A.B. asks: 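A single structure is presented below for examination.
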Amino acid sequence: MSGTVLVTGGSGYIAGFLIRQLVERGWTVNTTIRNLAKEAQVRATLGVAPEKLRFFAADLEQDAGWAEAMAGCSHVAHVASPFPAGAVSDDVLIPPARDGALRALRFAKAAGVKRFVLTSSVAAIAYGHPPANGAAFTERDWTDINAPGVGAYIKSKTVAERAARDWMAEHGAGMEFCSVNPSAVLGPVLSDDYSTSIQFVQRLLDGSVPGFPRIGFAVVDVRDLADLHVRALETPGLDGERFIGGGRFMQMEEVGAVLRARLGDKARKVPKRRVPDFVLRLMALFDGSIRQVVGELGRVRAIDPGHTAQVLGWRTRDEEQSIVDTAESLIERGIVKV
Ligand code: NAP
């Protein structure tokens, strides 16, 4: 397709793959980054034709730059949102996520954008309650942010998506909106600056975790997630939809088994035993990042992307291949020394 699309947060992991796919499909892409000093580095990483990609400085918490970034765009993929690795308080995370989404919507509407796609998360769907049908979460479910143990990142994604949908109901007439709600994103990395979601494969490979906690994630491949965003942007006649982007729920122990089976000696530092729950709970007392996940012990948060498959004809590739490709690229780039 031709035309101009804005992808926010061009320095991010998912945004990078999305920008590449959009350019391959004929789009011209505008992208925002916080500081234009990063432009050369992001361009070098993405390697797309220079005339097909334009950079604009814009921060989620400030108005400056957004009108310029949106000018001439018919479509917007709002991908940028803070995704920190460590423990962060609600006050730090929720305002940029929520206000950034609202700011992007407001400037998009003013610029005459026709379709706005918000990168939300399974975090906005599957936490604080069991699945309604007892088996898997669907696009009809919403996280309960008031339930105990729901962390700041999960709250930030839920609050931002709800605020965006409320804003659309009140002010959005004439602009189509949908959200993409990914699970844990894996796949090859484009540079040393990769997403928090890659870190659990990295830590298993480099031997920095002593064993497997009883924690798992539904996995989605970054290349397929970019393709899902493209479909959500390009498919005519969508409005208000929620598209889960995710595949099989896998325990960390299963991920470790895939690494050992497929990488042979390169996976020699991958642990072989489990970490008992009480040990993880003890570690959580001293380590904020462990505290963030300790509530997940023993939980299975399977998701059902059936609606996405039905409406957009989408599915993610074999999860084991994504795990192997993540590991291979971390090793090839020297990020993990095996
Ligand atoms: P990422 O690589 O950390 O990208 C996050 C992007 O947001 C970066 O470009 C970052 O810019 C930008 N950003 C953060 N705070 C900002 C601010 N105040 N102003 C402007 N830009 C800001 O993470 P990702 O995995 O690609 O995540 C992209 C989106 O997918 C996020 O909305 C995330 O919540 C969502 N998501 C990710 C996963 C996953 O497993 N990776 C799963 C579900 C949903 P800087 O480079 O300047 O920091």
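Whatever order the structure lists them in is the order used to number ligands and atoms, beginning at 1. All figures in this text were calculated on a predicted structure; none of them were measured in a lab. Numbers here are sequence positions counted from 1.
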A.B. asks: Taking both backbone and side-chain atoms of V79, is any N or O found less than 3.5 Å from an N or O belonging to ligand 1?
C.D. replies: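 Yes.
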
A.B. asks: Counting heavy atoms only, which part of Y153 comes closer than 4.0 Å to ligand 1: side chain, backbone, both or neither?
C.D. replies: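 The part of Y153 near ligand 1 is the side chain, not the backbone.
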
A.B. asks: Could you verify whether a donor N or O on one side chain and an acceptor N or O on the other, from R223 and Q21, lie under 3.5 Å apart?
C.D. replies: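 Short answer, no.
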
A.B. asks: Sorted by first residue and then second, give each ring-ring contact (aromatic ring centres under 6.0 Å, His included) pair with at least one member in residues 212-262; sequence neighbours left out.
C.D. replies: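 Only F200-F217, F243-H307 qualify under ring-ring contact (aromatic ring centres under 6.0 Å, His included).
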
A.B. asks: Find all atoms of ligand 1 within a distance of less than 4.0 Å from any non-hydrogen atom belonging to T119, and give their numbers and elements.
C.D. replies: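 In order of number, 29 (C), 30 (O), 32 (O), 35 (C).
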
A.B. asks: Quick check on contacts: which atoms of ligand 1 are under 4.0 angstrom from a heavy atom of S197?
C.D. replies: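 Here the atoms of ligand 1 in question are 39 (C), 40 (O), 41 (N).
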
A.B. asks: What's the spacing between E68 CD and L6 CG if we round to 0.5 Å?
C.D. replies: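 With rounding to 0.5 Å, CD (E68) is 12.0 Å from CG (L6).
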
A.B. asks: Please write down residue, atom name and distance for the protein heavy atom closest to atom 3 (O) of ligand 1.
C.D. replies: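 Result for atom 3 (O) of ligand 1: F83 CB, 4.2 Å.
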
A.B. asks: So, 4.0 Å and heavy atoms of S120: is ligand 1 close enough to count as a contact?
C.D. replies: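 S120: in contact with ligand 1 (<4.0 Å).
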
A.B. asks: Taking 4.0 angstrom as the limit and counting only heavy atoms of V185, give me the atoms of ligand 1 inside it, by number and element.
C.D. replies: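 Heavy-atom distances to V185 below 4.0 Å select 38 (C), 39 (C), 40 (O), 41 (N), 42 (C).
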
A.B. asks: Taking the minimum heavy-atom distance to atom 7 (O) of ligand 1, which of A124, G12, S81, G9 ranks first?
C.D. replies: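 Comparing heavy atoms across A124, G12, S81, G9, the nearest one to atom 7 (O) of ligand 1 lies in S81.
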
A.B. asks: Among all protein heavy atoms, pick out the one at the shortest distance from atom 25 (O) of ligand 1; state its residue, atom name and that distance to 0.1 Å.
C.D. replies: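 Here the nearest protein heavy atom works out to S195 OG, 2.7 Å.
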
A.B. asks: Do any nitrogen or oxygen atoms of K157 lie less than 3.5 angstrom from nitrogen or oxygen atoms of ligand 1?
C.D. replies: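 Yes, K157 has an N/O under 3.5 Å of an N/O on ligand 1.
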
A.B. asks: Does either side chain, that of D206 or that of S208, offer a donor lying less than 3.5 Å from an acceptor on the other one?
C.D. replies: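 Yes - a donor-acceptor pair under 3.5 Å links their side chains.
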
A.B. asks: Can you label the angle between the F177 ring and the F116 ring as parallel, tilted or perpendicular, going by 30° and 60°?
C.D. replies: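 Aromatic pair F177/F116 classed parallel.
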
A.B. asks: In terms of residue, atom name and distance, what is the protein heavy atom nearest to atom 11 (O) of ligand 1?
C.D. replies: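 Nearest neighbour among protein heavy atoms for atom 11 (O) of ligand 1, to 0.1 Å: S11 OG, 3.4 Å.
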
A.B. asks: Would one find an N or O of K38, backbone or side chain, under 3.5 Å from an N or O of ligand 1?
C.D. replies: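 Indeed, backbone or side chain, K38 has an N or O that close.
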
A.B. asks: Is the H171 ring parallel, tilted or perpendicular to the W167 ring (thresholds 30°, 60°)?
C.D. replies: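 Plane angle between 30° and 60°, so tilted.
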
A.B. asks: Taking only Lys NZ, Arg NE, NH1 and NH2, and the carboxylate oxygens of Asp or Glu, determine whether D192 and R333 approach each other closer than 4.0 Å.
C.D. replies: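 No salt bridge links D192 with R333.
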
A.B. asks: Would you check whether P96 has a nitrogen or oxygen atom less than 3.5 angstrom from a nitrogen or oxygen atom of ligand 1?
C.D. replies: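 In this structure, P96 places no N or O atom under 3.5 Å from an N or O of ligand 1.
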
A.B. asks: Identify the protein heavy atom lying closest to atom 12 (C) of ligand 1, giving its residue, its atom name and the separation to 0.1 Å.
C.D. replies: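 Result for atom 12 (C) of ligand 1: A80 CB, 3.9 Å.
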
A.B. asks: Would you say the side-chain atoms of T316 pair up with the backbone N or O of D221, donor to acceptor, closer than 3.5 Å?
C.D. replies: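 A pair under 3.5 Å: yes.
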
A.B. asks: Could you tell me the residue and atom name of the protein heavy atom closest to atom 19 (N) of ligand 1, and the distance to it rounded to 0.1 Å?
C.D. replies: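 So the nearest neighbour among protein heavy atoms is L60 N, 2.9 Å.
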
A.B. asks: When rounded to the nearest 0.5 angstrom, what is the spacing between CZ in R299 and CD1 in I215?
C.D. replies: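 The CZ atom of R299 sits 11.0 Å away from the CD1 atom of I215.
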
A.B. asks: Identify every side-chain donor-acceptor pair in residues 146-154 under 3.5 Å, counting partners at least two apart or on other chains, and give the distances.
C.D. replies:
none

A.B. asks: Quick one: which ligand 1 atoms are inside 4.0 Å of a heavy atom on P182?
C.D. replies: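 Counting atoms of ligand 1 from 1, those under 4.0 Å from P182 are 42 (C), 43 (C), 44 (C).
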
A.B. asks: What I want to know is whether S121 and ligand 1 share at least one N or O pair that is separated by under 3.5 angstrom.
C.D. replies: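 No; every N/O pair is 3.5 Å or more apart.
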
A.B. asks: Is it true that the side chains of S179 and N181 contain a donor and an acceptor less than 3.5 Å apart?
C.D. replies: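 Side-chain D/A pair, S179 to N181: present.
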
A.B. asks: What is the closest protein heavy atom to atom 14 (C) of ligand 1, and at what distance does it sit?
C.D. replies: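 So the nearest neighbour among protein heavy atoms is R34 NH2, 3.5 Å.
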
A.B. asks: Inspect the contact between D227 and R231 and indicate whether a charged nitrogen and a carboxylate oxygen are less than 4.0 angstrom apart.
C.D. replies: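 Yes, this pair counts.
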
A.B. asks: Under a heavy-atom criterion of less than 4.0 Å, does S183 contact ligand 1?
C.D. replies: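 In this structure, S183 qualifies as a contact of ligand 1 - some heavy atom is under 4.0 Å.
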
A.B. asks: Give yes if a backbone or side-chain nitrogen or oxygen of I14 is under 3.5 Å from a nitrogen or oxygen of ligand 1, and no if not.
C.D. replies: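 Between I14 and ligand 1, an N or O pair is found under 3.5 Å apart.
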
A.B. asks: Looking only at protein heavy atoms, which one is nearest to atom 2 (O) of ligand 1, and how far off is it?
C.D. replies: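 Nearest protein contact, heavy atoms only, for atom 2 (O) of ligand 1 is Y13 N, 2.9 Å.
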
A.B. asks: Looking at E161 and R165, does any basic side-chain N land under 4.0 Å from a carboxylate oxygen?
C.D. replies: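 Yes, charged N to carboxylate O under 4.0 Å.
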
A.B. asks: Would A184 count as a polar contact of ligand 1, with the cut-off being nitrogen or oxygen pairs under 3.5 Å?
C.D. replies: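 For ligand 1, there is no N or O atom that lies under 3.5 Å from one belonging to A184.
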
